[in-house]
Amino acid sequence: VDGLYATTEASKRVGFGAMAQVAITERFAVAGNVLVRKVGYKKNSDIYQGTDNPLTSKDERTYTVLNEDTRARHLDVPVVVRYYTKDRHMSGPRGFIEAGAAIRRVSKISTATDKSVNSGDTVCCDNTPATPASRAVRGLVGGAGFQLIDGVGVRVVPEVRYTRWMGETFKSPATATSRNQVEAMISLTF
């Protein structure tokens, strides 16, 4: 069996979620998020099975083409400890650094696969969902940002985070979920 595999990303770059923070001391807080993002990929597989007779010009192997379109949802739950550069009762912007852990859960997996054999008609559709390498993956989180508070008490919190996932949600020939994630976020809190 010989196979050629090619995958293209079909994920959405923007997600949404909710955030909560609890102050522990004047400068330390614990923050948690629930973030949702749609992900997906399209994979093309060219598979040759059997033995080719080298004495003929025709390829006697069975040639199968599979086109897979998989979509899913990532639910990321990071929990971090934040250290602020100013006490929480002091006015003005406060910068922070943060570190913690996260868990990712993959759900709502849908897959459509069509197939053609020996350049024949395309047979559509096998809708068996792709099997993830892991439904839940842990990660380590680090980041930095700052908190701006207006006169009414609304807090605008822009930040940048890096997450290193300890595993992959999808992994098959030519398809793997990235283990490094950088995200820019803006939170509005009260």
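Count residues from 1 along the sequence.
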A.B. asks: Do N180 and R164 have side-chain heavy atoms sitting under 4.5 Å apart?
C.D. replies: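 Yes, at least one pair of side-chain atoms sits under 4.5 Å.
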A.B. asks: Under the 4.5 Å side-chain heavy-atom rule for ILVMFWY, direct or indirect, which residues accompany V117?
C.D. replies: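 The other cluster members (ILVMFWY side chains, heavy atoms under 4.5 Å, direct or chained): none.
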A.B. asks: Applying the 4.5 Å side-chain criterion to the ILVMFWY set and letting contacts propagate, would W165 and V106 be lumped into a single cluster?
C.D. replies: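 The answer is no; the residues belong to distinct hydrophobic clusters.
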A.B. asks: For R179, what residues pass the salt bridge (charged side-chain N to carboxylate O under 4.0 Å, His left out) criterion, not counting sequence neighbours?
C.D. replies: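 Listed in chain order: nothing, the list is empty.
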A.B. asks: Evaluate the side-chain proximity of N127 to S110: yes if any heavy-atom separation is below 4.5 Å, no if none is.
C.D. replies: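 Result no, sub-4.5 Å side-chain heavy-atom pair not found.
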A.B. asks: Which atoms form the tightest heavy-atom contact between L148 and P93, and what is the distance?
C.D. replies: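 Looking at all heavy atoms of both residues, the shortest contact is CD2-CB, 3.5 Å.
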A.B. asks: Distance check, rounded to the nearest 0.5 Å: I97 atom CD1 versus E159 atom CD?
C.D. replies: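 It is 13.0 Å, given to the nearest 0.5 Å.
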A.B. asks: Pairs in or reaching into residues 115-126: which pass side chain to side chain donor-acceptor pair (under 3.5 Å), with residues at least two apart or in two chains?
C.D. replies: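 For residues 115-126, and leaving out neighbouring residues, the side chain to side chain donor-acceptor pair (under 3.5 Å) pairs sorted by first residue read D126-T128.
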A.B. asks: Provide the full list of side chain to side chain donor-acceptor pair (under 3.5 Å) pairs with a residue in residues 129-149, sequence neighbours left out, each pair given once.
C.D. replies: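 Found R94-Q147.
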A.B. asks: Go through the structure and list residues passing side-chain contact (heavy atoms from CB on, under 4.5 Å) with L4, not counting sequence neighbours.
C.D. replies: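 L4 satisfies side-chain contact (heavy atoms from CB on, under 4.5 Å) with D46 only.
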A.B. asks: Stepwise, does the side chain to side chain contact (heavy atoms under 4.5 Å, CB included) test hold for K58 with N53?
C.D. replies: CA-CA 8 Å; K58 183 181 178 210; N53 183 348; over 6 Å; no
A.B. asks: Would you name the heavy atoms of A133 and E168 that are closest together and state the gap between them?
C.D. replies: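 So the two residues come closest at CB-O, 3.5 Å.
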A.B. asks: Would Y63 and Q49 count as a side-chain hydrogen bond (donor to acceptor under 3.5 Å, both in side chains) here? Give the steps.
C.D. replies: CA-CA 7 Å; Y63 172 55; Q49 294 173 303; over 6 Å; no
A.B. asks: Under 6.0 Å from the ring centre and within 45 degrees of the ring axis: does the NZ or CZ of R27 meet both conditions for the six-membered ring of Y84?
C.D. replies: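 No; the conditions do not both hold, so R27 does not lie above the ring face of Y84.
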A.B. asks: Which atom names give the shortest non-hydrogen contact between I109 and A72, and what distance separates them?
C.D. replies: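 The pair with the smallest heavy-atom distance is CG1-CB, 3.9 Å.
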A.B. asks: Which heavy atom in A174 sits nearest to a heavy atom in A6, and how many Å separate them?
C.D. replies: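 Looking at all heavy atoms of both residues, the closest pair is CB-N, 4.1 Å.
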A.B. asks: With side chain to side chain contact (heavy atoms under 4.5 Å, CB included) as the test, would you mind laying out the steps for D114 and V123 before giving the verdict?
C.D. replies: CA-CA 6 Å; D114 62 44; V123 178; over 6 Å; no
A.B. asks: Does a side-chain heavy-atom distance below 4.5 Å link L75 with V34?
C.D. replies: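 Yes, their side chains come closer than 4.5 Å.
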A.B. asks: So do the side chains of T163 and E183 get within less than 4.5 Å of each other, counting heavy atoms only?
C.D. replies: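 Yes, side chains in contact.
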A.B. asks: Would you say R61 and Y48 make side-chain contact, with heavy atoms under 4.5 Å?
C.D. replies: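 R61 vs Y48: side chains touch.
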A.B. asks: My understanding is that only residues two or more places apart in sequence, or in another chain, count here; which of them pass side-chain contact (heavy atoms from CB on, under 4.5 Å) with I186?
C.D. replies: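 side-chain contact (heavy atoms from CB on, under 4.5 Å) check on I186 returns V156, P158.
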A.B. asks: Just jot down the side-chain contact (heavy atoms from CB on, under 4.5 Å) partners of V182, sequence neighbours excluded, or say none.
C.D. replies: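 With neighbours one apart ignored, the set is V160, Y162.
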A.B. asks: Just wondering, do Y5 and T175 contact through their side chains at under 4.5 Å, heavy atoms?
C.D. replies: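 T175 vs Y5: side chains apart.
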A.B. asks: For the residue pair A102 and P78, what are the closest heavy atoms and their distance?
C.D. replies: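 Smallest interatomic distance, heavy atoms only, reads CB-CA, 3.7 Å.
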A.B. asks: Rounded to the nearest 0.5 Å, what separates atom CE in M90 from atom CZ in R88?
C.D. replies: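 Those atoms lie 13.5 Å apart.
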A.B. asks: Between K38 and S11, is the side chain to side chain contact (heavy atoms under 4.5 Å, CB included) condition met? List the steps.
C.D. replies: CA-CA 6 Å; K38 293 181 180 181; S11 297; over 6 Å; no
A.B. asks: Once you round to the nearest 0.5 Å, how far does OG of S45 lie from CG of N67?
C.D. replies: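 That separation rounds to 8.0 Å.
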A.B. asks: Show the nearest heavy-atom pair for residues A130 and E68, with the distance to one decimal.
C.D. replies: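 Scanning both residues completely, I find the closest heavy atoms to be CB-OE2, 3.8 Å.
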A.B. asks: When you compare the side chain of V154 with that of I149, does any pair of heavy atoms fall below 4.5 Å?
C.D. replies: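 The answer is no; the side chains never approach within 4.5 Å.
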A.B. asks: If a pair satisfies side chain to side chain donor-acceptor pair (under 3.5 Å) and one of its residues is in residues 149-158, list it, with sequence neighbours excluded.
C.D. replies: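 Applying side chain to side chain donor-acceptor pair (under 3.5 Å) to every pair that reaches into residues 149-158, excluding sequence neighbours, yields nothing.
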A.B. asks: Keeping to residues at least two apart or across chains, list the side chain to side chain donor-acceptor pair (under 3.5 Å) pairs with something in residues 96-109.
C.D. replies: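 Non-adjacent pairs meeting side chain to side chain donor-acceptor pair (under 3.5 Å): R73-S107, H74-R104, D76-R104, R82-E98, E98-R161, R104-Q181.
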A.B. asks: Look at the side chain of T70 and the backbone N and O of G40, then say whether any donor-acceptor pair between them is shorter than 3.5 Å.
C.D. replies: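 Side chain of T70 to backbone of G40, a donor-acceptor pair under 3.5 Å: no, none is there.
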A.B. asks: Going by ring-ring contact (aromatic ring centres under 6.0 Å, His included), name the residues that satisfy it together with F146, two or more places apart in sequence or in a different chain.
C.D. replies: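 Listed in chain order: nothing, the list is empty.
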A.B. asks: Assess whether side chain to side chain contact (heavy atoms under 4.5 Å, CB included) is satisfied between V30 and I24, documenting all intermediate values.
C.D. replies: CA-CA 7 Å; V30 174; I24 304 300; 3.9 Å; yes
A.B. asks: Specify whether F28 and Y83 have parallel, tilted or perpendicular ring planes, treating 30° as the upper limit for parallel and 60° as the lower limit for perpendicular.
C.D. replies: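 Plane angle between 30° and 60°, so tilted.
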A.B. asks: For K42, check side-chain contact (heavy atoms from CB on, under 4.5 Å) against everything at least two apart and list the hits.
C.D. replies: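 K42: side-chain contact (heavy atoms from CB on, under 4.5 Å) contacts with T8, D69, R71.
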A.B. asks: Report the residues that fulfil side chain to side chain donor-acceptor pair (under 3.5 Å) with K43, sequence neighbours left out, ordered by chain and then residue number.
C.D. replies: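 K43 satisfies side chain to side chain donor-acceptor pair (under 3.5 Å) with S172 once adjacent residues are dropped.
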A.B. asks: CG/D87 to CD/E26 distance, rounded to the nearest 0.5 angstrom?
C.D. replies: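 Going from CG on D87 over to CD on E26, the span is 4.5 Å.
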